[in-house]
There are 2 protein chains.
Amino acid sequence: MKKYELVEDSLLRQINTGAYPGGTLLPTEEQLTEIFGVSRQTVRKALSILEDKDIIEKKQGSGSMVKIRNPAADSGKVSVIVTYIDDYIFPGQLRGVEEVLSKNGLSAILSATKNRICSERKILEDILNDPVAGILVEGTKTALPNPNIDLYERLAERGIPIVFFNSVYPALKDMLYVCADNQRGGYELVTYLLGKGHKSIASIFKADDIQGHERYSGYISAMFGSGLFVSDSKTIWYTTETKEKLFDEPRNILSSIGDATAVVCYNDEIAFMLIKLLISCGKKVPEDIAVVSFDNSSLSEMSPVKITSLSYGDKNIGSIAAGKLADIIGGRKASSEIIPWKLTEKESS
Amino acid sequence: MKKYELVEDSLLRQINTGAYPGGTLLPTEEQLTEIFGVSRQTVRKALSILEDKDIIEKKQGSGSMVKIRNPAADSGKVSVIVTYIDDYIFPGQLRGVEEVLSKNGLSAILSATKNRICSERKILEDILNDPVAGILVEGTKTALPNPNIDLYERLAERGIPIVFFNSVYPALKDMLYVCADNQRGGYELVTYLLGKGHKSIASIFKADDIQGHERYSGYISAMFGSGLFVSDSKTIWYTTETKEKLFDEPRNILSSIGDATAVVCYNDEIAFMLIKLLISCGKKVPEDIAVVSFDNSSLSEMSPVKITSLSYGDKNIGSIAAGKLADIIGGRKASSEIIPWKLTEKESS
DNA sequence: TTATTGCTTTTGTACATACATATTTTGCTT
DNA sequence: AAGCAAAATATGTATGTACAAAAGCAATAA
């Protein structure tokens, strides 16, 4: 065994067993020379290795100090996979993710799939080649079966913790998630409107988004549960691509709404645009038509008529999901969580 | 300068300029001793540093080989440092960054400083410990001198390319940046209003943000340049912390505006809130008071009166900055860029 | 009290030397 | 030509010495 390794190991063991607590000075190089019976150069080599390992801090004229251990500084990187980075409500979630990760000494590697399965696959393959401490995924929005399940399973087998947020693939068993119950959300909004006396309720949902399907499903079951007939024409479907043109033809929208006295919207963005359209057509909100939606974002406040909206209250789904991931990485336990909806009643209903 | 640093720098420069391509052997320690006229120990110290930096690979009995690729650049991770992740206009920039990086086989590690120097320092130190292929930085918004310049310089010395966007520290020389000319922007907006016949112009600017100072400076110089007197009371200053309460007292705002027939706002968010306040106070926009601002974001469309606003047109400053960084990482050349302002005239002026 | 100066301690830089160990080359033997 | 051993070459480990530079401390002067 090499002498400098002996010195290094000996010092390291003493530091780890508390002989030299963090913040204290080691013996001087001269003293170590005598203690170990080696030359000063050999002592210096050992100390230099400990310095490289971030265990001690040398300071000219002062001495070699044992560093105060920061277990969070293990430079763990977490892969955060989302569909769209600037998609309306996500930036706030991302802020929560980054805040919590950085508090836990982790950092976020960001990738966007743009709702493309092939992008998601490439990102997951990259992670397999260059592993990370954990993965936070926004379940891809497509309602189609996901062909990348195999990669998620391989990553899980490797022991890389994965936490889903916003939505989760049903095909994946025993996977941690933090989501809302979208089906229940749709149900709650309709129940609220029914309680207000509405009998004919139209809706606008997103078609290329499983959350849209779920919210629609809740809408339907609440209507049927109250014995109300729902015409297919009263539900307007849109996709990411058709969103911009959705309100270009007011007549189409108005004819779909027909005699309905209320509209359930997929989110505040849609509700906001709908309200502007209704006002420009001479309709009054909520007197003629009530509008409710999801997210209770800043848009619901900016709208000419403030929007009644479901949300997670003051909970940040990004913070919660990142917290669970940090727990697992840190060896603590965590479990899935369904965030309850909170209704904020405003002017639009 | 220390001798081992001279040897190290000289070798590094020769490696970088192609004198020793990847895969070739450096001269032996003995030869280097003669070439540089220093002792073998000094040569060894220099080589040891290059080895730590992953630039060469020493092999007993064989020699010191120049590594074919820098593994830090190979891992393809870029550190993206911003102040606030969900700050109004940034998510769109971040989307551009992620798109361009991923097209170039790179990925973004995201960190937020929250405008705190100590956070920025910690992030930069982490990068020094665990190098990345490049750094994209949103210059910290404070108008104070930045104490972290030394770390930026050390990173640059290590050969890690750095590109600033939105703003840059004047103290850093030869640093790439992609910014707007904020001073000119303030000037252009005021010139536009003067052209419309306005003579008394109020303003609202952000105080804890160098861009706010620059835009204010442009506003002032345009007013003075036209021989118009500017009362200090006509400029309303706010900070990140006071933003929420800024419009709580309509009287304060109205008294500051006084007899002004136009207001230059720091950005669309402020202009939006101002317009809502003016309308609720019975003022007509633009008949009574014109409002102009910066960014031309989606908010300027959502406003009850669509807002005349300066912006980068269809250019995404995040994409541009990320493109330049990818160019440098890929061995191509890139230069700083000042994005010209583009005025979009709408209803509010 | 405060500021300055000089001394001591401690780490940093630099050189010289000797021998160890791994790798490559050379030359000899078969 | 192939295999093997010795020699040469290159880096690794270890020690000794000398002086430089930074930090802390104590004595001294204003």
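Quick note on labels: first sequence line is chain A, next is B, and so on, each numbered from 1. Just so it is clear, the values below take in all heavy atoms, side chains as well, and ignore hydrogens, waters and symmetry mates.
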Considering just the side-chain nitrogens and oxygens of [X], establish if one lies under 4.0 Å of OP1 or OP2 belonging to [N].
X       : N      : result
A:Ser64 : C:dT11 : yes
B:Ser39 : C:dC15 : yes
B:Tyr4  : C:dT13 : yes
A:Thr42 : D:dT13 : no
B:Arg40 : C:dA16 : no

Taking the side chain as everything from C-beta on, heavy atoms only, tell me whether [X] gets closer than 4.5 Å to [Y].
X        : Y        : value
B:Leu26  : B:Tyr20  : yes
A:Ile81  : A:Leu124 : yes
B:Leu110 : B:Leu94  : yes
A:Arg121 : A:Glu125 : yes
B:Ile338 : B:Arg184 : no

Rounded distance in Å - [atom1] ([X]) to [atom2] ([N]):
X       : N      : atom1 : atom2 : value
A:Ile49 : D:dG12 : CD1   : C1'   : 12 Å
A:Glu8  : D:dA14 : CD    : P     : 12 Å
A:Lys45 : C:dT13 : NZ    : P     : 15 Å
B:Lys3  : D:dA18 : NZ    : P     : 17 Å
A:Lys2  : C:dT21 : NZ    : C1'   : 10 Å
B:Leu6  : C:dA14 : CG    : C1'   : 13 Å
B:Leu47 : D:dT13 : CG    : P     : 14 Å
B:Lys58 : D:dT13 : NZ    : C1'   : 12 Å

Value for CZ (B:Phe165) from CG (B:Asn316), rounded to nearest 0.5 Å, stands at 10.0 Å

Residue pair A:Ser62/B:Lys59 against DNA chain D: nearer the 5' end by closest nucleotide is B:Lys59

Quick one: does A:Gln60 reach the base of C:dT13 with a side-chain donor-acceptor pair under 3.5 Å?
-> no

Of the residues in residues 25-35 of chain B, which ones touch DNA chain C at a heavy-atom distance under 4.0 Å?
-> none

Would you kindly check if the NZ (Lys) or CZ (Arg) of B:Arg215 is within the cone defined by 45 degrees around the ring axis of B:Tyr266 and under 6.0 Å from the six-membered ring centre?
->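 Yes, B:Arg215 sits over the ring of B:Tyr266.
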
Hey, which of these two, A:Gln41 or A:Gly61, hits DNA chain C nearer its 5' end, going by closest nucleotide?
->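 Its nearest nucleotide being more 5', the pick is A:Gly61.
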
